[in-house]
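Counting convention: from 1, in listed order, for ligands and their atoms alike. Side chains included, hydrogens not; waters and symmetry mates left out as well; all remaining heavy atoms used. Remember, it's a predicted structure, so these values are computed and weren't measured experimentally.
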Amino acid sequence: MTKLADSYHRPINYLRISVTDRCNLRCIYCMPPEGIPLMAHDDILRYEEIALVARAAAELGITKVRLTGGEPLVRAGLTDLVAMLAKIKGIDDISMTTNGVLLERYAVALKEAGLQRVNVSLDSLRSKRFQKITRAAKLDDVLRGIEAAKKAGLKPVKVNMVVIRGTNDEEVPYFALLSISDGWHVRFIEFMPFVEQGKKQSRLLVPVSEIMQRVEALGKLEPSPPNGVGPAKYYRFPGVNGTIGFISPVTDCFCEGCNRLRLTADGKLRPCLFSDEEIDLRRPLRQGATVEDMKRLIQLAVSAKPEKHKLVAGVTCERFMSQIGG
Ligand code: SAM
């Protein structure tokens, strides 16, 4: 097995797979209320096609796979895909990012199929506000999903909060306190401006430096493992199990440590979340491409990875997060 590296000598070992652009929520920062034009069903990769791409990626050195969307749990039979991925030699870490609404129903089956851990997106602990942000979901469903995931042995369960000025930022201390009282692994994420509204939305950004100050008003944090892997910097309050991660895609991009590729639900391989460059895998897949053909296309995508994303310069991408896979 060769190890994959891009033109800037970054090792690439992580593939994020969007399994659908559909979502059961309409979060205010992610989608307009009416939703977005959906991909045609035929354009979405079948599980067998995803598995073939994953096999090629694993043969090149990808070891970690994350399922995302849209909302991955709205796609029928997702556990079948997890089981297919779990059988691929070389893939030793399978995780998922979910809004948690359907997690209670699927947690045990996902674990049995080979899913190892989940990240749950949760932007408010207040029922009414949560409903307003998501334009749909019930907070209790998500909280029950988190508990079910823990009980099923999906470890660790990380809770991701996108901090939005004037919307939920006053809840930062309450989320942080859950790392003490309930051993939660909480991650605060900077709001990222998307699509053409980018400029207007930047006033909603709360920089990680400010989020951290608000957390440290509760007590001093100490660095915590697992540091050095992924975009989050982890801390904890002394003597507790729960951790607090800070993710700053806007104010302190983590491009130099970027180890990932993204496969969209319609079969495009994106070297960078914020670059609209994509390599089409679906057409070759449907024309009978082999694992070796896929490996060549994956290597092409890796060599096209830009050194840095352009978000800081105010440039946003043309697709919504739910269309790319966040
Ligand atoms: N439906 C799943 C979920 O809710 O986790 C997976 C897809 S969602 C697009 C993935 C993540 O992207 C979520 O944590 C969401 O909060 C985050 N996200 C979407 N738009 C964002 C934005 N403008 N800024 C920061 N995070 C964003």
Q | Atom indices of ligand 1 within 4.0 angstrom of F191 heavy atoms, with elements | A | 23 (N), 24 (N)
Q: Classify the contact between N99 and ligand 1 as side chain, backbone, both or neither, using a heavy-atom distance cut-off of under 4.0 Å.
A: both
Q: Within a distance under 4.0 Å of any heavy atom of T97, pick out the atoms of ligand 1 and give their elements.
A: 2 (C), 5 (O), 6 (C)
**Q.** Under the ring-ring contact (aromatic ring centres under 6.0 Å, His included) test, residues paired with F237 that sit two or more places apart
**A.** none
Q: Output yes when a side-chain donor or acceptor of R135 lies under 3.5 Å from a complementary backbone atom of R26, and no otherwise.
A: yes
Q: May I ask you to say whether E147 pairs ionically with K151, meaning some side-chain N is under 4.0 Å from a carboxylate O?
A: no
**Q.** Per-atom contacts, ligand 1 versus T98 - under 4.0 Å to a heavy atom
**A.** 2 (C), 3 (C), 4 (O), 5 (O)
**Q.** cation_pi(K233, F246) dist<6.0 Å, angle<=45
**A.** no
Q | ligand 1 atoms in contact with E190 (distance to a heavy atom under 4.0 Å) | A | 25 (C)
Q | M192 N/O under 3.5 Å from ligand 1 N/O | A | yes
Q.
Looking at R270 and A301, would you say the former's side chain and the latter's main chain have a donor-acceptor pair under 3.5 Å?
A. no
Q. With sequence neighbours excluded, what pairs up with E104 under the salt bridge (charged side-chain N to carboxylate O under 4.0 Å, His left out) test?
A. R144
(Q) One residue to check: V120. Relative to ligand 1, which of side chain, backbone, both or neither has a non-hydrogen atom less than 4.0 Å away? (A) neither
Q | Donor-acceptor contact below 3.5 Å, side chain S303 vs main chain L300 | A | yes
Q. If we only count N/O pairs under 3.5 Å, is T68 in contact with ligand 1?
A. no
Q.
Which option wins on minimum heavy-atom distance to atom 6 (C) of ligand 1: C27, G70, S121?
A. G70
Q) What do you reckon, does D123 have a nitrogen or oxygen under 3.5 Å from a nitrogen or oxygen of ligand 1? A) no
